2 protein chains.
Amino acid sequence: MEKIRILVVDDHPMVIEGMKAILQQISFVEVAGTAGNSFQALELAETLQPHLIITDINLPEVSGIELTARIKKNYPAMKVIGMSTFNDRSYISQMIQSGADGFLVKSASREEIEQAIPMVLDGQLYLSVDVGMNRTEKKNLQHQPVITRREKEILALIADGLTNPQIAEKLFISLNTVDTHRKNLLAKFETNNSAALIKLATRAGLI
Amino acid sequence: MEKIRILVVDDHPMVIEGMKAILQQISFVEVAGTAGNSFQALELAETLQPHLIITDINLPEVSGIELTARIKKNYPAMKVIGMSTFNDRSYISQMIQSGADGFLVKSASREEIEQAIPMVLDGQLYLSVDVGMNRTEKKNLQHQPVITRREKEILALIADGLTNPQIAEKLFISLNTVDTHRKNLLAKFETNNSAALIKLATRAGLI
DNA sequence: TTAAAAATCCCCCGAAAGCGTGATGTATTC
DNA sequence: GAATACATCACGCTTTCGGGGGATTTTTAA
């Protein structure tokens, strides 16, 4: 069986080396290449066509979140696992929003990484054990709707207590448009009023 | 000037001893007594009438949160500082809800404790530096409204997306009553719609 | 036992939210 | 050049919310 080809992205050489060392201990994977920034990563993704990309979230200039979004747009089949020193929920949420398939803390063990890779390749969402979420929470993350920029903007204004007319005035758009966006938000979160919407969105780290 | 008399409450003897040792290094305070549980603490609060109580949050049987609430009810002038290993926001919020005047992580230094005591005695809210909140957040905590049990219950249902009629049915009470509670919540949080209410309440750790 | 706090209930009314359905312009991507 | 996703706008209709009152009954604490 073909080995899983992985591209590792991180701006710290030490992390790259560490990850390489760990991956080399896993029989069914192969480090296809490494990159120190998002531009390099995008190039290598093109030329190497790896099965999986493991990338730091905090990259200079173009963040790992942005990188993930671009990767997913260009190569939807390619899997992406985000990595960070902190298990910050909002980071995780943002990664999921961008289409990431998993999240690892940098302190993750070889065993954990070995477990994460097949899961992600299989289409499941992997979250580092350190993240400390129960299954329900993880499921919620998986079913977390992806919202557009405009929707996010309006979501924040709703959370601030603005009414539709007020939002319309503030954004120089029609009341009807605001209403449509609000409706789309309610539909995406499968709720039927703003109170529940704000609760879910807050929990998802979107506010 | 009279020394500040302090009652220390914790179920771990080691913590008691450690806190005592630290407090003894501070010139303007005096350890009036120590307690290993809430019952003992309440008795000593009565007999010793300390100016300040420093209590663990995680006490067996009756928690530090509950203890704080009772102390504040019986002796509103007595100050209470909560203590915990973790700087968990929801714990802090609950302590504030119960009327606590400050919060310390157990890893707090002598300097920090020395700073916290006069502040709290002065009527200010002290939060351990480790809590990592900016001033705005701390202010919000101070102005966090205290809500009743019933209000909290209804708040949760609103956050779940239930409408007033649905809540009324669920709790076997009149629609008007639910409406009144909702209005009181809106008034307490100084908002004018449920979306903002849920945002603030979530941020306050009430949901 | 008595006063205060919490929970309960009631009504009116206008504004906002929520639901359905459809349509157009415009980037961006394939 | 076609398809897709996004943002924009429209309208009618029903329900719910939010603001303004006021009132009574439990519970709880002093």
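This structure is a prediction, so every number in the text was calculated from the model and none was measured. Below, read A as the first sequence line, B as the second, and so on, with proteins coming before strands; counting in each chain starts at 1.
- Nearest to the side chain of A/Ile173, among D/dC9, C/dT29, D/dA7, sits D/dC9.
- The side chain of B/Thr148 contributes no N or O atom lying less than 4.0 Å from OP1 or OP2 of C/dA5.
- Candidate nucleotides D/dA29, D/dC17, C/dA7 were compared by shortest atom distance to the side chain of B/Arg150, and C/dA7 ranks first.
- For A/Asn193, no side-chain nitrogen or oxygen approaches OP1 or OP2 of C/dA17 to under 4.0 Å.
- A/Gln49 and A/Tyr75 are not linked by any side-chain donor-acceptor pair at a separation below 3.5 angstrom, with hydrogens and angles left out of the test.
- Salt-bridge check for A/Lys72 with A/Asp101: passed, with a basic side-chain N closer than 4.0 Å to an acidic carboxylate O.
- Nucleotide C/dT8 holds its P atom 16 Å from the NZ atom of B/Lys170, rounded to whole Å.
- Residue B/Lys183 places no side-chain atom within donor-acceptor reach of the base of D/dG21, judged by atom type and a 3.5 Å distance cut-off alone.
- For the pair A/Ile167 CD1 and C/dA17 P, the computed distance is 7 Å after rounding to whole Å.
- Whole-Å rounding puts the A/Phe189 CZ to C/dA17 P distance at 18 Å.
- Heavy atoms of A/Asn176 sit under 4.0 angstrom from at least one base atom.
- Between the NZ atom of B/Lys152 and the P atom of C/dA7 there is a distance of 13 Å, given to the nearest Å.
- Considering only the side chain of B/Lys73, D/dA30 comes nearest among C/dA17, D/dA30, D/dG18.
- Counting any heavy atom pair closer than 4.0 Å across all strands shown, B/Thr180 reaches a base atom.
- B/Thr177 comes within contact range of at least one nucleobase, with a heavy-atom separation under 4.0 Å.
- Within the 4.0 angstrom heavy-atom criterion, only backbone atoms of the sugar-phosphate kind lie near B/Thr163; the bases stay farther away.
- Place B/Asp179 and B/Arg149 on DNA chain C by their nearest nucleotides, and B/Arg149 ends up nearer the 5' end.
- Note on B/Glu151 versus B/Arg182: no salt bridge recorded, every NZ/NE/NH1/NH2 to OD/OE distance being 4.0 Å or above.
- Taking atom CZ of residue A/Arg182 and atom P of nucleotide C/dA15, one finds them 17 Å apart after rounding to whole Å.
- When rounded to the nearest whole Å, the span between CZ of A/Phe172 and P of D/dA7 equals 18 Å.
- Using a 4.5 Å heavy-atom cutoff, the side chains of B/Asn37 and B/Leu59 are not in contact.
- In this structure, B/Arg70 pairs ionically with B/Glu66, as a charged nitrogen and a carboxylate oxygen lie closer than 4.0 Å.
- At a threshold of 4.0 angstrom between heavy atoms, the contacts of B/Asn192 are confined to the sugar-phosphate backbone, with no base atom among them.
- Atom NE2 in A/His181 sits roughly 16 Å away from atom P in C/dG18 (whole-Å rounding).
- Separating the NZ atom of A/Lys72 from the P atom of D/dA5 is a distance of 17 Å, rounded to the nearest angstrom.
- The shortest distance between the side-chain N/O atoms of B/Ser194 and the OP1/OP2 oxygens of D/dC17 is not below 4.0 Å.
- Residues A/Glu30 and A/Gln24 have side chains not in contact (no heavy-atom distance under 4.5 Å, counting atoms from C-beta outward).
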